[in-house]
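Every heavy atom of this structure was used, including side-chain atoms; hydrogens, water molecules and symmetry mates were not.
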Amino acid sequence: MQNINEAKQRVEQLTFDLNNHNYNYYVLDNPTISDFEFDKLLEELITIETKFPELITSTSPSQRVGGQITKTFATVKHKYPMLSLSNSYNEEDLLEFDRRVKDGLQLNATDLFNNATIEYVCELKFDGLSIGLTYENGKLLQAVTRGDGVQGDDVTNNAKTIKSIPLQLKGNYPNLFEIRGEIFMPKNVFEQINIEREDIGETLLANPRNAASGTMKMQDSKVVAKRKLDCFLYNLLGEQIPFNSHYENLQAAKQWGFKINNDTKVCNGINEVINFIHYWDHARHQLPFEIDGIVIKLNQHQQQTQLGFTAKSPRWAIAYKFKAEQVSTILEEITYQVGRTGAITPVANLKPVALAGTIVKRASLHNADIIEKLDVRIGDTVFVEKGGEIIPKIVSVDFSKRNVNSLKTQYITNCPECGFMLQRKENEALHYCLNEENCAPQVCGKIEHFVSRKAMNIDSLGGETIVQLFKAKLINTISDLYQLQKEQLLPLERMAEKSAQNLIDGINASKQIPFERVLFAIGIRHVGETTAKKIAKKVKSIHALKLLNKEQLLEIDEVGETIADSILNYFNNPTQQLVLSKLIEAGLQFELSNEQLQNTSDKLQGKSIVISGVFIKHSRDEYKTMIEQHGGKNVGSISAKTSLILAGENMGPEKLKKAQNLKIVIINEDEFLKMIN
Ligand code: IVH
């Protein structure tokens, strides 16, 4: 396409179509094309925009992939203050609210006599961070966080990466208005992030709410784009709002392209509100996102105006907060765990108690500050809660039951495993044991990570055997594994001839594990499985990686400040270097093989591919490797997100039907090989 006019027309058409497909997928949850077709259209748009940058608009779907860095977020004053809601916790509070509303509306005696009911709108109270989105002429102009309610941060670049936030509206919208809502992280996204963090020895994110607000504060919008945040909208503000009732306005906003929650309901009278709350107190656990209550709003704007606001919150709305389930039990002991990275976690060992469907025996005490703040002591009766957090937590102490002779908890000063003096850096919550070379859980944890399935896959070496070998002083670092002799193993308990041989064979076989997995296995902090793959593909060998300076490291996809610093630290640490040189000497793969070098490309970048059926030219595993080498991702089951299916003979009829329904492209072996060649 040479001609700018032609290009402009195509860009407009593609922008329209892609925005529409985005809406179908992320707002209506009803895609009409496959991901592969979507990606093709997006690629076409980006190609034209790269050629004619003057055609890039702020509403182009290409803006959603991120890339803009916000060093400091500008402070923006809210046009309408962002108030919060007053809270209620039980039926009595709600009846009281209903009475206040009726008083405020000055319903007359006849109305009250006839038991006049008020029209309320009940909405789910999404647990995330509030956001105000301003639209002008149908285009997203600005996204601002709540901040202190008077002014917040301009997070427009990051908000644009959230696919359910429309960049361009449809239909009959007002010229200028603000819409407010909640940005949140779906439960499955949160769980996946924590699985990945666990993989790289990072502390886990406490709950989806913190994860969402932490993400929105990130400087690199590309990283935000990967975090798959979502956004429900619930409040329309401006001078040309079309309808007189809140509910009708929400339905109008839905037509303009906003994601409005379908469980929003008009309730006649407070009793219907109470029923709605009862229902969601149970049903909330089935939702794919967290809610922490229900918001109740007067439906009619005229009535809202009549009631007005207090300094902090509207009088026409109230939040009902669900109770986190809570029980009391005895704190029997505080123990301290040492992680693979040396981080110390205090753990409360409790008298077992039933809570929210499970028996709770342990709860996290997080760090020394929390213990100090709670003033929790051994023998105390404590209240344990299962809220948004994954691990139950101690919320308070029942001081009335405290034994007068109880002693204040003294946080440990030395590592419970190796006795080394603990360190706590300024402004850090956690204590660390820095004796990483001799502290058993750190040493064994690192070796366990090294042999794990996604790393060196030495499945003949389990956690218990690692501890056994460590105690027998046979291994202290990952490189010691490659010095092990069968004769050294035989005297060990439960180690017969066969298991010793299996272990040695497994270790030897691991020498063929490809470079990207070795790079993940050696345990450079923050370098997870995916990052290791990206780095390996880019630098091709450990020697090349060692030569990179920080700037060059930052150029690698997925590598940010933290990872770059961590890689530099790794190469500057003499002990790590000694281990590395021994591993190189042992013959592990520290560069891409010739075959990998010839067979790598970005041709399948961003494509999710399902392999199905039986193949003739290569095995399934070989195809899986090829997909990864060319930048694609192997996925197990077909969904609307699948880009492509590589089908052999006898693809299952169910899969075939599903693929056809979702209009996913199916290709055979030959077509695939042609595609990557
Ligand atoms: S309405 C003036 N509706 O809860 C009315 N808020 O303490 C303002 N929230 O800051 C809020 N879901 O972040 C409203 N359906 C909903 C909500 C909701 C979650 C959050 C919001 C607000 C806080 C209120």
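Using modelled atom types, one finds no donor on one side chain facing an acceptor on the other under 3.5 Å when comparing Thr530 with Glu558. Checking His285 against Glu290 by side-chain atom types alone, no donor-acceptor pair falls below 3.5 Å. In this structure, a donor-acceptor pair under 3.5 Å is absent between the side chains of Arg525 and Ser566. For Asn175 and Glu136, the side-chain atoms include no donor-acceptor pair closer than 3.5 Å. Counted by atom type alone, Asn157 and Ser221 present zero donor-acceptor pairs between their side chains at under 3.5 Å. Remark: the Thr47 side chain and the Glu44 side chain contain no N/O donor-acceptor pair separated by less than 3.5 Å. No donor-acceptor contact under 3.5 angstrom links the side chains of His526 and Thr562, judged on distance only. A donor atom on one side chain and an acceptor atom on the other are found under 3.5 Å apart for Lys139 and Gln168. Between the side chains of Ser34 and Glu37, a donor-acceptor pair is found at a separation under 3.5 Å. In summary, the side chains of Asn262 and Lys254 do present a donor paired with an acceptor at a separation below 3.5 Å, with no hydrogens or angles considered. Defined by atom type and a distance below 3.5 Å, a donor-acceptor pair is missing between the side-chain atoms of Gln13 and Gln9. For Ser619 and Asp621, the side-chain atoms include no donor-acceptor pair closer than 3.5 Å.
For the ring pair (Phe, Tyr, Trp, His ring centres under 6.0 Å) test with Phe258, the passing option among Tyr26, Tyr173, Tyr234, Tyr135 is Tyr135; the others fail.
No donor-acceptor pair under 3.5 Å is formed between the side chain of Ser608 and the backbone N or O of Val635. Although no hydrogens or angles enter the test, the distance criterion places no donor-acceptor pair under 3.5 Å between the side chain of Thr70 and the main chain of Phe73. Distance alone, capped at 3.5 Å, is enough to place a donor-acceptor pair between the Arg64 side chain and the Lys160 backbone. Checked by atom type and distance alone, the side chain of Lys537 pairs as donor or acceptor with a backbone atom of Ser601 at under 3.5 Å. Side-chain atoms of Trp280 never come within 3.5 Å of backbone atoms of Gly293 as a donor-acceptor pair (strictly under, hydrogens ignored). Remark: the backbone N or O of Leu205 is paired with a side-chain donor or acceptor of Asn194 at under 3.5 angstrom. Between the side chain of Lys8 and the backbone N or O of Asn3 there is no donor-acceptor pair closer than 3.5 Å.
With contacts defined as side-chain heavy-atom distances shorter than 4.5 Å, the pair Leu176/Thr134 qualifies. Counting heavy atoms from C-beta on, the side chains of Ile48 and Leu14 come closer than 4.5 Å.
Remark: Glu178 engages Arg180 in a salt bridge, criterion side-chain N to carboxylate O under 4.0 Å.
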Test side chain to side chain contact (heavy atoms under 4.5 Å, CB included) applied to Asn261 and Phe126, step by step
CA-CA 10 Å; Asn261 185 262; Phe126 313 105; 3.7 Å; yes

Could you walk me through whether Asp35 and Lys607 satisfy the salt bridge (Lys or Arg N to Asp or Glu O under 4.0 Å) test, starting with their C-alpha distance in whole Å, then the side-chain angles of each, then the deciding distance to 0.1 Å, before giving a yes or no?
CA-CA 8 Å; Asp35 279 15; Lys607 308 257 179 292; over 6 Å; no

Take Ile131 and Ile183 through the side chain to side chain contact (heavy atoms under 4.5 Å, CB included) test and state the conclusion after the steps.
CA-CA 7 Å; Ile131 192 83; Ile183 292 177; 3.8 Å; yes

Please determine whether side chain to side chain contact (heavy atoms under 4.5 Å, CB included) holds for the pair Ile627 and Ile611, giving the CA-CA distance in whole Å, both sets of side-chain angles, and the decisive distance to 0.1 Å.
CA-CA 10 Å; Ile627 289 173; Ile611 301 187; 3.8 Å; yes

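Residues Phe243 and His301 keep their aromatic ring centres 6.0 Å or farther apart.
Of all non-hydrogen atoms in Leu250 and Ile260, the two that sit nearest each other are O-CG1, 3.5 Å. Residue Thr59 comes nearest to Leu167 through the heavy atom pair CG2-O, 3.1 Å, listed as atom of the first residue, atom of the second, then distance. Summarising the geometry of Gly606 relative to Asp39, their closest heavy-atom pair is O-OD2, 3.9 Å, with the distance given to 0.1 Å. The two residues Asp220 and Asn158 have their closest heavy-atom pair at C-OD1, 4.5 Å. Closest non-hydrogen pair, His78 versus Arg146, comes out as NE2-O, 3.0 Å.
At least one cation-pi condition fails for Lys546 and Phe571: the charged atom is not both under 6.0 angstrom from the six-membered ring centre and inside a 45 degree cone around its axis. Seen from the ring of Tyr23, Lys170 counts as a face-on cation partner, given the 6.0 Å and 45° thresholds.
In this structure, Tyr623 and Phe672 have perpendicular ring planes: the angle between them is above 60°, well past the 30° mark.
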